[in-house]
Amino acid sequence: MTDLRMTVAAAVQDAVAAVTGERIPLPHVGDPPRPEFGDLAFAVALELGHKLGRPPRQLAEELIAYLTEHDTEGVQRWEIAGPGFLNAFFDRGFVLGRLMGSLHQSVSETAQGPKVVVEHTSINPNKAAHIGHLRNSILGDSLARLLRHQGVPVEVHNYIDDTGVQVADVVLGLVDLRGLDAEAVRSMPDPFDYACWDLYTEVTARLESDERLAARRHDVLVSLERGEGTDAEVGAVVVERIIRRHLETMARLGIEYDLLVHEGDIVSMDLWSTAFERLKASEHVYFSEEGKHSGCWMMRLSGVSGFEDLEEPDKVLVRSNGAATYVAKDIAYHMWRYGELDNPFLYRKFSESEAGHITWQSGAEGEKMPFGDADHGFSVIDVRQAYLQSIVAVAVASMDPDGRTDRHTHFDYEMVALTPRTAKALGIPLTSDDQGRPFVEMSGRRGVGVKADDLLNVLRDRARDEVMERNPDLPEGELKTLALQIAIAAARYFLVKFTRKTVIAFDLEDALNFEGETGPYLQYAAVRTGSIFERMQDDWGVSVEEAVSTVLSGPGAGSGAFSGAERVVAADGELEPLSLDQLRDVLGEKENDTLWDLALQLARFDRVVDLAVQSAEVSVIAKYAFTLAQEFNRLYHKYPILQEEDLTERGVRLLLAYALRHRLRQAMSLLGIPVPERM
RNA sequence: GCGCCCGUAGCUCAGAAGGACAGAGCGGCGGACUUCUAAUCCGCGGGUCGCAGGUUCGAAUCCUGCCGGGCGCGCCA
């Protein structure tokens, strides 16, 4: 369909050349605000008219005359409107036939081309995941799905910061406050991440007044950095157990990873020291002899665009005690990710899903695998880390042999906070600062937040109640599956329906809603499309594919669509082959404008996916899927399919229902929203 | 102080790279289930697109200034 728009745009371009002698770039294809204005709109006459000093309306008339004389594929007629818009009216039958033919073409066969890394989740492995982390993982997972849909080879990374203070604090709690050793920590009951959530808050509070504990934290950090000593042993158990919990939580949502990269390995396997040597050789890194940062290795950022207004733009990479900072290790990881450093890693299996997907982890032992060395990459990290990410981007670009600056993208998004109402309902004590604010920021340190598993559990239980009410006879197994599917839909849709730059003020009541613009609404529409075809199979013994190929087997109707499909003809009186003229007649009727609108929506699919990828905006897909579901629900009420007596009307509606089912399911799959059997 | 982001209906948000009467969901009011499932659909009410200038044939959209809100600017991560 994209090409059809391009074809028409090119026709307009030609018309302009013929009429005015002006060579213009391919004109922008607009969407008219109302159906009376046609299907495509061009403003060239307005732009050009003023430029050439000619009345736009008159110029438009000449262009229309030219365009009307010269046929353009897919265009039935042209009209002039308003101050001088050129409006094209599609040949509706032709477009529908083309739409049907395009349905199975946009699915990527096998991934090929340069590899793209999507890094997401990367939660500090010291506590349970909360809904802010969920936004990250869901956005990242959806992005990966979008890229895969476009045939891009995607590698999903989850970066594990196993050597930082966050882990150290929990180790401190387990060892010093609870008196546990590694073995005891290993045998703590689940949910381990919940226990650590509380412990982390407790330690944070204690550290404020307990100087002895604060001193101990320093030792723990050193132990973690070096990977030596009993604290490091405990730390390793904590990290491993927490990561397993995080992956279980994400698996509930259908989110999987290809590789876990441990920050500790970056140091122990000399990835950092190699990177450091490279950086030192460049002009971007220098040793500070004096002043505030005396004894530190610094990254030079003064003079770099974006940093010029900072008071002290340069950034510490190596502390005066010789330890690399978080950014430094992150830079090393990114350099490795983009193939700027030799790969020192070996890989072991970390886990395997029921479906057989393996998550690997980097380390000193295991087998060689072709991870890393990507052409492009996205780091899904919230906008609060924009400053650090820009430093990483500068470092990566400075190391690139070709000087490319577009290889690394910080996929930034705003945070998830809590509405005061929800914070209150959860019993979170509000500080006086919080009182007057529009939302309450979550904080792992203070234990303020909604845990991801808690949200999923509440959604699941609520879904279960709803299902039982509507469908009391459902067997327990199906009930369980369905409740979880609905919970996934509700959670995933809620976290991607906002644009990236919108702070989500999480409101439990809104999130628990299953009506209106929600994930379950999409599922309901998808289930309904399915039930039509199920009924058709039961009553007539005709499968969907048979039905569609029957209708499209008329002269000209398919225009190559379903050409591979066998021309099955359903029984007399149920469906009949339609000709191109019949499609035109049905869709041309004024009262069928709703059907035509749906056809146009469906035709947008590929363009919508492109837009979503280009703008890295998953909400575009969410809105689109919602629009499809909405259009279908309207159609469902207004236009019965199986009951419709006129076989021509019936046939067209069936085609649209089929196309809709296909596209809606695809869109939902891009969002990771499952389609239930029934609801 | 400097930088980035945001300000659109009572509430929560879209607005497809400047276009033709500003949209959706929720909430409110009123309707539609012997019909392919009412987690649905239909109707009604509701907006000086924060304010002021500017660019343009045309601005919610681009530019400048101001007001209001959020976030960031560590030898933490």
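Below, read A as the first sequence line, B as the second, and so on, with proteins coming before strands; counting in each chain starts at 1.
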OP1 or OP2 of B/G72 versus the side-chain N and O atoms of A/Q389: is any pair under 4.0 Å? no
In whole angstrom, give the distance that lies between atom CD of A/E47 and atom C1' of B/A20. 14 Å
Is A/D382 salt-bridged to A/R135, cutoff N-O under 4.0 Å? no
Do you see a donor-acceptor pair shorter than 3.5 Å between the side chains of A/T204 and A/T201? no
Report the distance from atom CG of A/N513 to atom P of B/C11, rounded to the nearest whole Å. 18 Å
Using a heavy-atom cut-off of 4.0 Å across all strands, would you classify A/M536 as base, sugar-phosphate, or nothing? nothing
Examine B/C57: is either OP1 or OP2 under 4.0 Å from a nitrogen or oxygen in the side chain of A/R57? Give yes or no. no
Gap in Å between the two P atoms, one belonging to B/G7 and one to B/C62, rounded: 10 Å
Looking only at side-chain atoms of A/R34, point me to the closest of B/A20, B/C21, B/C75. B/C21
Reckon A/T502 has a side-chain N or O less than 4.0 Å from the OP1 or OP2 of B/A14? yes
Give a yes or no on whether a salt bridge exists between A/R384 and A/E414, defined as a side-chain N under 4.0 angstrom from a carboxylate O. no
Indicate whether any N or O donor in one side chain lies under 3.5 Å from an N or O acceptor in the other, for A/E517 and A/Y493. yes
Taking only the P atom of each, what is the distance from B/C21 to B/G27 in whole angstrom? 32 Å
Given the C1' atoms of B/G15 and B/A22, what is the spacing between them in whole Å? 9 Å
Hey, does A/V503 reach any base, or is it just sugar-phosphate, or nothing, if we go heavy atoms under 4.0 Å? sugar-phosphate
Checking all strands, does A/N87 fall into the base, sugar-phosphate, or nothing category for heavy-atom contacts under 4.0 angstrom? base
Answer for the Watson-Crick or wobble partner of B/U40, both distances under 3.5 Å, is B/A32
When rounded to the nearest Å, what value does the distance between C1' atoms of B/A60 and B/G19 take? 13 Å
Nearest to the side chain of A/Q630, which nucleotide is it out of B/U37, B/G25, B/G70? B/G25
Taking atom P of B/A39 as reference, at what distance in whole Å does atom CD of A/E466 sit? 9 Å
Span that lies between the P atom of B/A20 and that of B/G58, in whole angstrom: 14 Å
Taking atom types as modelled, find out whether A/H133 and A/S122 have a side-chain donor-acceptor pair closer than 3.5 angstrom. no
Would you say A/H293 reaches B/C75's phosphate, i.e. side-chain N/O to OP1/OP2 under 4.0 Å? yes
